[in-house]
Number of protein chains: 2
Amino acid sequence: MNNYSKQREIILDVLKQNLIHPTAEEIYQLVIKKNPQISKSTVYRNINILVDLGIIQKISLSTGPDRYDYLYKKHYHAICDKCGEIYDFYYDFDIGQISNELHKEEIKMDVSKIEIHGICENCKSKNY
Amino acid sequence: MNNYSKQREIILDVLKQNLIHPTAEEIYQLVIKKNPQISKSTVYRNINILVDLGIIQKISLSTGPDRYDYLYKKHYHAICDKCGEIYDFYYDFDIGQISNELHKEEIKMDVSKIEIHGICENCKSKNY
DNA sequence: TTCAAAATTAGGAATTATTCCTAATTTCAT
DNA sequence: ATGAAATTAGGAATAATTCCTAATTTTGAA
């Protein structure tokens, strides 16, 4: 894992240029505009590699397909569990303190992501 | 939505008795031990109803199927994005302050869930 | 530069998790 | 007791993602 390929470069470019948390399908649609040859499995495989390398972030929703994010600037996500809307949220969580608490509870894990979940106002007013 | 049914009662009982964040399949397997007639679609439908009612919580993972949790006591989840392990995490997030910050950023949402993500020590040592 | 090993690809099949469909049954309010 | 509304079992359908394979590309050591 890690040889140069034109395909992976295009996929990462698309992610850098689209900060709207696209799905794999949306990334694929944008990628084939630049090179129609690239297959969907290549898109999935490279997305996963980029996630593993920590270059992009995967956001799994309770509704609909996974979404992906290239983080230019550190931020968190506020996610509506009803409609799946993802809002970028700039906040200063005290990661050090959270890590200490995790450690106290014998949970040994580096914090890489914090997600805030709820139901957005729009969905609430529709009272599903 | 909300008529009494024996099936829903069994499903909720299983969730109350199993605080190991079971998947729908695991819930189904436990449910049919109590009543082998109950179908998987009934399990899925009722799980979703219980989530909508806020009685149980759904946890969507980047690896594997969704998991469910009946919260006797308020807590958060620390999730390994590699192996999918979910650790209960007792911590006192300042929800009021987080809500204020969300509001400042025009994100109108009640916080119902906060998830901490990372890679657990075990997975890290295997350095996938 | 050459060339074999390792990595990557396209394309499609397979798998997995979940939702949807339908006719029959159950629950509920009167 | 009765009709409307909700729920059910069972299986089909769908959606998202991974897996498979043979061909191609990339890499780096000689």
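In this text, all values refer to a predicted model and were calculated from it rather than measured experimentally. Chain letters run A, B, ... following the sequence lines, proteins first and then strands; every chain starts at 1.
In the set D:dT26, C:dA10, D:dA9, D:dA9 carries the atom at the smallest distance from any side-chain atom of B:S39.
For the OP1/OP2 pair of C:dA6 and a distance below 4.0 Å, the side-chain nitrogens and oxygens of A:N2 include no atom meeting the criterion. For C:dA10, neither phosphate oxygen OP1 nor OP2 lies less than 4.0 angstrom from any side-chain nitrogen or oxygen of A:Q37. Proximity of A:Q7 to the phosphate of D:dT25: no side-chain N or O atom is located under 4.0 Å from OP1 or OP2.
As judged by a 4.0 angstrom heavy-atom cut-off over every strand, A:R45 is placed among the base-contacting residues.
What separates CD1 of A:I11 from C1' of C:dT9 is a distance of 11 Å, to the nearest Å. Summarising the geometry, the separation between CD1 on B:I49 and C1' on C:dT18 is reported as 15 Å, rounded to the nearest angstrom. In this structure, the CD1 atom of B:I10 is 10 Å from the P atom of D:dT8, given to the nearest Å. The distance from atom CG of A:L53 to atom P of C:dA7 is 14 Å, rounded to the nearest whole Å. Summarising the geometry, the separation between CD1 on A:I38 and P on C:dA10 is reported as 6 Å, rounded to the nearest angstrom. Atom CD1 in B:I59 sits roughly 13 Å away from atom P in C:dT18 (whole-Å rounding). Rounded to a whole Å, the CD atom of B:E9 is 20 Å from the P atom of D:dA6. C:dA17 atom C1' lies 13 Å from atom CD1 of B:I27, rounded to whole Å.
Of the charged side-chain nitrogens involved, at least one lies within less than 4.0 Å of a carboxylate oxygen, so that B:E101 and B:K104 count as a salt-bridged pair. For the pair A:K113 and B:E115, the salt-bridge criterion is not met [side-chain N within less than 4.0 Å of a carboxylate O].
A donor-acceptor contact shorter than 3.5 Å links the side chain of A:R67 to the backbone of A:H21. Of the possible polar contacts, one joining the A:N35 side chain to the A:Q37 backbone as a donor-acceptor pair under 3.5 Å is found. A side-chain donor-acceptor contact under 3.5 Å links A:K58 to the backbone of B:S62.
Helix bend of the helix from C:dT1-D:dA30 to C:dT30-D:dA1: the angle between its two end axes, each built from five pairs, comes to 40° after rounding to 10°.
Residues A:Y70 and A:L12 meet the side-chain proximity criterion, which asks for heavy atoms closer than 4.5 Å.
Of the two residues contacting DNA chain D, namely B:T42 and A:N3, the nearest-nucleotide position lying further toward the 5' end is that of B:T42.
Checking each of A:I107, A:V111, A:D110 against A:S99 for a side chain to side chain contact (heavy atoms under 4.5 Å, CB included) leaves exactly one that passes, namely A:V111.
Not counting sequence neighbours, the partners of A:F89 by the ring pair (Phe, Tyr, Trp, His ring centres under 6.0 Å) test are A:Y91.
Ring orientation note: the planes of A:H75 and A:Y90 are tilted relative to one another, at an angle of 30° to 60°.
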Give each protein N/O atom lying under 3.5 Å from an N/O atom of nucleotides 11-18 of chain D, with the pair distance.
{"from": "D:dT17", "atom 1": "OP1", "to": "A:D66", "atom 2": "N", "distance (Å)": "3.1"}
{"from": "D:dT17", "atom 1": "OP1", "to": "A:D66", "atom 2": "OD2", "distance (Å)": "3.2"}
{"from": "D:dT17", "atom 1": "OP2", "to": "A:Y44", "atom 2": "OH", "distance (Å)": "2.8"}
{"from": "D:dT18", "atom 1": "OP2", "to": "A:N48", "atom 2": "ND2", "distance (Å)": "3.1"}

